[in-house]
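Each ligand, and each atom within it, is numbered from 1 in the order the structure gives. Since we're looking at a predicted model, the values are computed, not measured. Numbers here simply count residues along the sequence, with the first being 1. Atom set for the values below is all heavy atoms of this structure, side chains included, hydrogens, waters and symmetry mates excluded.
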Amino acid sequence: MDGPAKPQIRRKPVAASQALPVRSPAPKLPGHRGGLREYTVDQLSVQTTGLTINSSATNLAETPAVHSHVIPMSPSEKSPAWTNKLGPAGTQGLQTRDGASSASLNSKPLPTVPDDKQQENGPPLPPRIRTPQPEGSSKGKSPILSPHRSPSFDPVLNRSSALGPSENPPPYSLLNPHTVPRPAIQTLRPPSPSPSSASSRPTTPTPTTPSTSASTSKWSSALSSTKDLALSILPQNYTTTKHHTVLLHGNPLIIYRGPATSLSITIFSSPKYPLPSPHQRVLYLQPRGFSGDTGTKIKTLMRTYEDWINVTPAHRASLQDVDPATVKRWEKDIARTQKRLSKAFKPEKCHVVRETHVIRIPAAAEDGYFRVVVCHKEEGQKRKPICSGPLVRIASLSTDSSVFRGAKLRTLPLEAGLSVASMMATGYVNTVAGPAMEVVQNKIDQIRPGFVQTVYDTALADTVDEQEQAMREAAYAAYQTENGEGVDVIGSDDGPEKPFPVRFSGKVVQGTGRWSERLGIPTANLGDVAENVRNHLKGVYFGWASIRDASGVEQDWHESVIFVGPNPFAPPSVVAKNAIAVHILHNFEGEESFYGAKMQLVIMGFLRPMQLPGTPVEEMLDAISQDLWLTMASLGRDNWGPHAVTERVKALPVTTRTMSGLSERMLATKERVQTKIDRIPAHLLGVRTTGAEVRDAIHGNGGYWVAR
Ligand SMILES: Cc1cc2nc3c(=O)[nH]c(=O)nc-3n(C[C@H](O)[C@H](O)[C@H](O)COP(=O)(O)O)c2cc1C
Ligand SMILES: Nc1ncnc2c1ncn2[C@@H]1O[C@H](COP(=O)(O)OP(=O)(O)O)[C@@H](O)[C@H]1O
């Protein structure tokens, strides 16, 4: 049971310069096969390694349908162009209903909150009890999987269907319940059951599979579990200060769903403080815990100089225009909040309901933690933040390592849950969209990471070497915390310490399946591993893994967590032999398994001793969430990556070594496949595509608001 002593976790200071103007996830370098420098430690050969990070995305956010028309705002009502160059800032210590400061996840102060609006330790509100949503007829079903799609009005696109002519629903008949990938995640439940989630509410009808196949229910239950988890982890649904309260309607976990991704809030204020007039009231989406590269993307896609995104709804609607079921839900939330406010404030000071906003979340917001900040903004003046809403997590269904960005330890289980849901959803996309999608998506994945975005928005680096350096730094920067404190990492920046790195290989064999059944995390079990590895290692380690394909060609290297110890699920034996189980932090896009394949492993360091068999599932998940976090952060550093990538790329012909040469090739391929990609409404299944993100801007702010 006792492995090496628990390693020292260091807090790595992060220099501002590490927030690079390049996009994370980083590109896979074409032709990268991970040629390696080898060392020798005991009888083991060792090597240094490289970095590969992928990305894709999705949202099931509810977009309340508007029945008839919306009232366009007059030009004067429209939000002013945002020329303000204030950097991102936080709302300081906004008081939540349970008296907790929202600064627990967001610690930067808002610099310009007027005195009378500053946070105060105002009357603590009674704890919020989340009551079940009786309308929850669709509990457990993902909104995008609901069996019927009505041609209801789409408030974002301002037309009668969310789907354009080229955006037909995917060929769901192709759904094959047997091909949706593992894992089963039934046990991935919130620590304490939370009765309500967005998944339990009626939502805007969306296209779906006609069947209630096993795969569909698995996928939707993965999401619904994660959403439940979100409620228990990010439970506060309103923030309040002396004069303002912002109530979030729906689940704080908002799954990306293309241009129709939205969130709804209601703003209250004290009788003496009505909200500014519509043309002076501007709503921003403020990224929390992001690194500079995301800021760069926002700036580029939104054609602006700042990281806050102006999301002020473009249209004014009346309550009669809104779907009655949505209004009913809002009213219920409002009544509940008002009841609490009336207990917390004297009647003459009690906040009154002012406006409800349905905010469209642009694709530029990417994945991460956000809050809505309501500002007072007069022409030619700096904006003045008035109040801000609860934290929300915008997420696409992807196993992209960057889903961990911005997460704090408290939210990591949620991140792990998302990662599992992502795996299933991405497989689902491949299944429903059929082989075309798979081929095209695979291609786009090869060409897309980093490069396309780089071409769009930044000056190109001169050489591939520089690009590789940049992508590594960008990957690391993604783990910066919002307060600049840095991230937790293992080991020194100089690279792995003796006896690591340790390199070995094994053959992927079938395990008992019990681990993934219980935790929802697939682990490749290794046979044919050298005895000295089995016997000398014990505990949980991190490192790089690479699988050889059928023809023996080594594929990309992926970050991995590696377990060496007795398998608690294996049949008892007199001398328990150590098992080696590897979870690779990569989505294998619907590939069922790689049993029989040869896996190369390079262990770079020790994470923790193994937990005793019988440890509660929640505790194990917590530990693994931290394992994943530490692995990504630790391996993202310069001296911890697969440097041999550089050597490989150097071997390429000179023309392909320059960034421009590469990016041209990338773009040419991209153009060939983009048209196909664009026809697949992957966003409905939660997958972001580059084309969809770029086109997103044409929808403008969208959204609508209702005066009370
Ligand atoms: C990252 C990781 C961490 C693990 N941590 C533990 C642990 O702390 N305690 C334990 O008994 N098993 C641990 N395991 C191992 C599993 O219990 C199990 O032996 C292994 O994943 C094989 O399961 P399978 O037979 O279902 O494939 C871990 C596995 C992985 C991949
Ligand atoms: N990210 C991943 N990490 C490890 N294995 C994966 C991953 N994705 C898919 N797999 C596949 O899933 C298998 C493990 O599945 P699992 O449900 O744990 O079954 P078993 O324990 O019976 O092998 C691996 O052998 C591998 O083929």
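Polar contact with ligand 1: absent for His583 (N/O pair, distance under 3.5 Å). Looking at Leu612 next to ligand 1, no N or O pair under 3.5 Å apart turns up. At least one N or O atom of Thr512 sits closer than 3.5 Å to an N or O atom of ligand 1. Polar contact with ligand 2: present for Gly513 (N/O pair, distance under 3.5 Å).
Atom 17 (O) of ligand 1 has Trp515 CE3, 3.0 Å as its closest protein atom, hydrogens excluded (heavy atom only). Ranking the protein heavy atoms by distance from atom 22 (C) of ligand 1 puts Asn525 OD1, 3.2 Å first. The protein atom (non-hydrogen) at minimum distance from atom 21 (O) of ligand 1 is Thr523 OG1, 3.1 Å. The shortest contact between atom 20 (C) of ligand 1 and any protein heavy atom is with Ala581 CB, 3.5 Å. Of the protein's non-hydrogen atoms, Phe563 CD1, 3.5 Å is the one closest to atom 4 (C) of ligand 1. What sits closest to atom 7 (C) of ligand 1 on the protein, heavy atoms only, is Gln611 N, 3.3 Å.
Listed for the Ser546 side chain is no donor-acceptor partner under 3.5 Å among the backbone atoms of Trp544. Looking at Thr615, its side chain never comes within 3.5 Å of a backbone N or O of Gln611 through a donor-acceptor pair. The backbone N or O of Arg514 sits less than 3.5 Å from a side-chain atom of Thr512, completing a donor-acceptor pair.
Ligand 1 is approached by Gly513 to a heavy-atom distance shorter than 4.0 Å. Contact analysis puts Arg608 in contact with ligand 1, with a non-hydrogen atom separation below 4.0 angstrom. At least one heavy atom of Tyr595 sits less than 4.0 Å from an atom of ligand 2.
Applying the side chain to side chain contact (heavy atoms under 4.5 Å, CB included) rule to Asn525 yields the partners Val509, Thr523, Ala581; only residues at least two apart in sequence or on another chain are considered. Under the rule for a ring-ring contact (aromatic ring centres under 6.0 Å, His included), Phe563 has no partner lying at least two apart in sequence or in another chain.
Looking only at side-chain heavy atoms (C-beta outward), Val392 and Asn251 stay at 4.5 Å or farther from each other.
Screening Leu601, Val602, Ile603 for a side chain to side chain contact (heavy atoms under 4.5 Å, CB included) with Arg503, the sole residue that qualifies is Val602.
Within ligand 1, the atoms closer than 4.0 Å to a non-hydrogen atom of Val540 are 3 (C), 5 (N), numbered from 1 in the order shown. Counting the atoms of ligand 1 from 1 in the order shown, those under 4.0 Å from a heavy atom of Gly511 are 25 (O), 27 (O). Taking every non-hydrogen atom of Arg514 and a distance limit under 4.0 Å, the qualifying atoms of ligand 1 come out as 26 (O). Below 4.0 Å from some heavy atom of Val561 lie the following atoms of ligand 1, by number and element: 1 (C). Less than 4.0 angstrom separates some heavy atom of Gly511 from each of these atoms of ligand 2: 20 (P), 21 (O), 22 (O), 23 (O). Of all atoms in ligand 1, numbered sequentially from 1 with element shown, those under 4.0 Å from a heavy atom of Asn567 are 18 (C), 19 (O), 22 (C), 23 (O), 25 (O).
Residue contacts with ligand 2, taken as heavy atom pairs separated by less than 4.0 Å, involve Val508 solely via side-chain atoms from C-beta onward. Under 4.0 Å from ligand 2, the heavy atoms of Thr512 that appear belong solely to its backbone.
Shown here for Pro522 and His583, the closest heavy-atom pair between the two residues is O-ND1, 2.9 Å. Residue Thr631 comes nearest to Ser560 through the heavy atom pair CG2-O, 3.7 Å, listed as atom of the first residue, atom of the second, then distance. Smallest separation of non-hydrogen atoms from Glu497 and Ser492: OE2-N, 3.1 Å. Across Met610 and Pro566, no two heavy atoms sit closer than the pair SD-CD, 3.8 Å. Listed here is the closest heavy atom pair of Ile580 and Phe504: CD1-CE1, 4.2 Å.
Nearest-heavy-atom check against atom 1 (N) of ligand 2 across Leu526, Val561, Ile584, Asn525 picks out Ile584.
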Is there a side-chain contact (heavy atoms from CB on, under 4.5 Å) between Met599 and Val582 once you walk through the steps?
CA-CA 10 Å; Met599 189 188 286; Val582 184; 4.0 Å; yes

